[in-house]
Amino acid sequence: MKVDLHCHSFFSDGTQSPDFLVNRAIERQLTHLAITDHDCLDGLAAITLDTAGVEVVPGVEISCLWNGLEIHVIGLLVDVANMKLHQLLLAQQQSRQQRLQSMDAKLTALGTAGLSHYIEGLPCVSCTRSHVADFLVQQKLAKSRQKAFKSHLRKRGLIHVDAHWCDLAVGVEAISAAGGIAIIAHPGRYPLNKKKLEMLVDDFIAAGGEALEATYSNIDPVMRRYLRELAFSKSLYLSGGSDFHDVSAQWTDIGKFPPLDNLALTRAVWLHPIWQARYVPDISKSEASLK
Ligand code: AMP
Ligand code: MN
Ligand code: MN
Ligand code: MN
């Protein structure tokens, strides 16, 4: 098994097409790839390539709120036709549109019009602050995406607007209703101490969540070990992914993140009954990953 269960296409804030991601996964000899765009599922149906070389796992990354903090929840193996999930994602996309209109109004008041028009010309279904950052760079209001976040988009930034995401429990329940596995994305990236992170995990489990993303790009070994222990202590499954957005970020690529170690592999997310029911386990590939 060589998997990447977290990446983005241009249907949200990635720069590449789903076909590019699939092709890259095949080139890098992955067995499974999940395209997990922010609040949208459109990437899967847009694949035109022959996917015989890699299993494409249906996925999504839902922006949720937990005690006022934004937490990202990944859903894997969701039924993309499920009405409950579909309606939730539509509401999230509408929240994104409303936030964009408010940002546009603020930016126009500061003397720069055209943000909404710019976004309308992009292929994204979920418009994100990354797209807004690109517009700010194009308009020479910021030197880079990163600087645009700092000056304009972060809380107390020049055009900051609060996002109205669904509650954590609502996001997790929609994933479960769609037959999928809910996973806390990049748990080490939230401003939470260990006690608060554990509280988050408990609430996530109470809502039906079943896994943690225990490895991702740039995670340090101490955090990886901690997340593995946390997952074990709460009987959760462990997932992993690159969170790939763009080829220009050279520290990341499809499939490029520390693999789950041998202990973590004993609770890998592909051992979950939902996954096992979906894919016939390929024993030769599993053995290869343990070497
Ligand atoms: P949104 O979901 O619209 O709030 O956009 C969030 C996306 O912006 C994240 O998924 C990241 O890809 C990107 N992002 C968030 N913070 C930063 C930052 N400080 N610098 C660059 N990109 C960021
Ligand atoms: Mn993103
Ligand atoms: Mn995320
Ligand atoms: Mn992501």
Side-chain angles (χ1 to χ4, degrees), residues 3-18 20-21 24-25 32-44 57-66 69-76 78 89 92-93 95-96 99-100 103 119 122-137 144-146 148-150 153-154 163 165-166 168 171-172 175 180-192 197 200-201 204 209 211-219 223 227 239-249 251-257 269:
V3 307
D4 190 335
L5 303 176
H6 185 166
C7 71
H8 298 272
S9 78
F10 59 41
F11 283 100
S12 67
D13 58 350
T15 55
Q16 304 296 330
S17 66
F20 176 96
L21 301 173
R24 192 81 167 176
H32 298 76
L33 174 75
I35 299 174
T36 53
D37 277 313
H38 298 287
D39 299 310
C40 95
L41 288 161
D42 299 54
L44 196 65
V57 179
V60 66
E61 182 175 16
I62 304 180
S63 296
C64 302
L65 281 177
W66 176 75
L69 187 68
E70 183 171 316
I71 302 293
H72 291 179
V73 178
I74 290 180
L76 291 184
V78 289
L89 298 183
Q92 296 273 106
Q93 289 163 21
S95 289
R96 289 178 175 280
R99 183 178 60 164
L100 176 67
M103 285 180 171
I119 305 258
L122 302 175
C124 56
V125 169
S126 282
C127 59
T128 73
R129 287 181 302 158
S130 300
H131 300 108
V132 179
D134 289 345
F135 179 72
L136 295 169
V137 172
S144 65
R145 257 193 190 184
Q146 201 67 38
F149 269 89
K150 219 168 168 190
L153 300 173
R154 68 174 167 86
W165 306 131
C166 62
L168 178 80
V172 172
I175 290 166
I181 307 166
I183 302 162
I184 300 182
H186 41 70
R189 290 202 196 137
Y190 306 115
L192 294 171
L197 186 54
L200 164 67
V201 168
F204 172 74
L212 285 186
E213 198 171 58
T215 176
Y216 38 89
S217 300
N218 280 350
I219 189 171
M223 177 59 74
L227 291 178
S239 185
S242 62
D243 204 1
F244 175 86
H245 284 76
D246 182 8
V247 277
S248 74
W251 46 270
T252 172
D253 201 341
I254 293 293
K256 190 172 171 186
F257 58 93
V269 70

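The shown structure was predicted, so the numbers you read here are calculated from the model rather than taken from an experiment. In each ligand, atom 1 is the first atom listed, and ligand 1 is the first ligand listed.
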For Asp253, salt bridge (charged side-chain N to carboxylate O under 4.0 Å, His left out) partners two or more places apart: Arg24, Arg28
For Tyr190, ring-ring contact (aromatic ring centres under 6.0 Å, His included) partners two or more places apart: His186
Partners meeting ring-ring contact (aromatic ring centres under 6.0 Å, His included) with His131 (sequence neighbours left out): none
Heteroatom of Asp13 nearest to the Mn ion (ligand 2) (N, O or S, atom name): OD2
Salt-bridge contact Asp243-Arg189 (side-chain N to carboxylate O under 4.0 Å): yes
Parallel, tilted or perpendicular: ring planes of Phe20 versus Phe244, cut at 30 and 60 degrees: parallel
Metal environment of the Mn ion (ligand 3), protein N/O/S under 2.8 Å: Glu61 OE2, His72 ND1, His186 NE2
For the Mn ion (ligand 4): the N/O/S atom of His8 at shortest distance: NE2
Donor-acceptor pair between Gln92 and His38 side chains, under 3.5 angstrom: no
Close side-chain approach of Phe257 and Ile219, heavy atoms under 4.5 Å: no
